[in-house]
Amino acid sequence: IARRLYDAIANLPIISPHGHTDPSWWADDARFGNAAELLLHPDHYVFRMLYSHGISLDALGIDNPAADPRESWRIFAEHYHLFRGTPSRIWLDWVFAETFGMEVQLAADSADQYYDIITAALTTDAFRPRALFDRYNIELIATTESPLDDLRHHQAIRDSGWGGRVITAYRPDPVVDPDFE
């Protein structure tokens, strides 16, 4: 039954109401820098899991430009077992295999291999944000930003003439946190 259901929808366009993407990616269409900058730093599900196990955000390179992204990636790989059974793990395993062609599991001994292959791919035009949008047949993706954001990147997307449909969905954190100024 699962295979029949999958086959019936596999080629439909993606509508992603919670895309966890930065609107500047779509506005600027700039290349991603490295594996950690794409798959570790922006994903709060990933870095919060590691943080909950005592790994400092500084070591992971979160809001710490002095951190070595390869070292951050190694820490992630050493602790990848923590993600067993989570939606993040299912998604990341798919991305590693289908998008980057990885045939071995991410772990401490494969961390550098993963980092090098992913980072090399990210230097190519095929891995720029808008190319990936087209490659994966995305019809609509919602970004996630603060309700206080000025939405300038969304305006830049519209002004660029690019046909990708990117909408905003905000995280209410700053307006519901009583400690936030």
Side-chain angles (χ1 to χ4, degrees), residues 9-51 57-58 60-70 72-73 76 87-88 90-102 114-177 180-181:
I9 65 164
N11 295 318
L12 293 176
I14 293 172
I15 296 173
S16 179
H18 190 66
H20 277 260
T21 63
D22 185 323
S24 69
W25 295 355
W26 311 110
D28 301 337
D29 198 32
R31 288 181 176 84
F32 297 105
N34 58 61
E37 289 176 15
L38 176 63
L39 297 168
L40 171 59
H41 298 165
D43 194 330
H44 66 92
Y45 292 119
V46 173
F47 70 72
R48 285 180 180 172
M49 170 70 86
L50 298 170
Y51 182 71
L57 296 179
D58 278 347
L60 296 172
I62 308 303
D63 296 326
N64 177 13
D68 178 353
R70 183 181 292 272
S72 299
W73 185 263
F76 169 47
S88 293
I90 294 166
W91 177 78
L92 285 165
D93 283 348
W94 183 89
V95 168
F96 294 149
E98 298 299 321
T99 304
F100 296 104
M102 302 305 298
Y114 266 71
Y115 186 88
D116 292 339
I117 289 171
I118 293 169
T119 300
L122 297 178
T123 67
T124 67
D125 285 343
F127 283 85
R128 290 170 75 142
R130 293 179 182 185
L132 291 170
F133 190 99
D134 293 339
R135 175 176 170 184
Y136 288 105
N137 193 23
I138 298 171
E139 181 176 312
L140 174 134
I141 194 162
T143 60
T144 308
E145 51 258 301
S146 164
L148 307 175
D149 193 288
D150 63 14
L151 302 178
R152 71 183 179 279
H153 297 297
H154 288 274
Q155 188 62 52
I157 294 166
R158 285 189 189 93
D159 292 347
S160 74
W162 175 58
R165 189 161 173 224
V166 180
I167 62 172
T168 183
Y170 71 89
R171 293 182 54 87
D173 303 15
V175 294
V176 297
D177 180 355
F180 186 79
E181 293 280 336

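These values consider heavy atoms only, across backbone and side chains, with no hydrogens, waters or symmetry-generated copies.
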Side-chain heavy atoms of Trp73 within contact of Asp68, under 4.5 Å: no

Ring geometry between Trp162 and Phe133 (parallel below 30°, tilted from 30 to 60°, perpendicular above 60°): perpendicular

Donor on one side chain, acceptor on other, Ser88 and Arg48, under 3.5 Å: no

Side-chain touch Asp63/His41, heavy atoms, less than 4.5 angstrom: no

Beyond-backbone contact of Thr143 with Trp26, side-chain heavy atoms, under 4.5 angstrom: yes

Leu38 and Trp25: CA distance, side-chain angles, deciding distance, side chain to side chain contact (heavy atoms under 4.5 Å, CB included) verdict: CA-CA 10 Å; Leu38 176 63; Trp25 295 355; 4.2 Å; yes

Min side-chain heavy-atom separation Leu57-Asn64 under 4.5 Å: no

Pro174 to Leu148 - nearest heavy-atom pair and separation: CB-CD1, 4.1 Å

Tyr170, OH: over 12 other non-hydrogen atoms inside 6.0 angstrom: no

Note, Phe32 side chain near Phe127 side chain (heavy atom, < 4.5 Å): no

From CA spacing to verdict: side chain to side chain contact (heavy atoms under 4.5 Å, CB included), Leu92, Phe76: CA-CA 12 Å; Leu92 285 165; Phe76 169 47; 3.8 Å; yes

Nearest heavy atoms of His20 and Thr144, plus distance in Å: N-OG1, 3.8 Å

Residues His154, Glu145; criterion side chain to side chain contact (heavy atoms under 4.5 Å, CB included); working and verdict: CA-CA 11 Å; His154 288 274; Glu145 51 258 301; 3.2 Å; yes

Check: Val166 and Thr21 side chains under 4.5 Å, non-hydrogen atoms: no

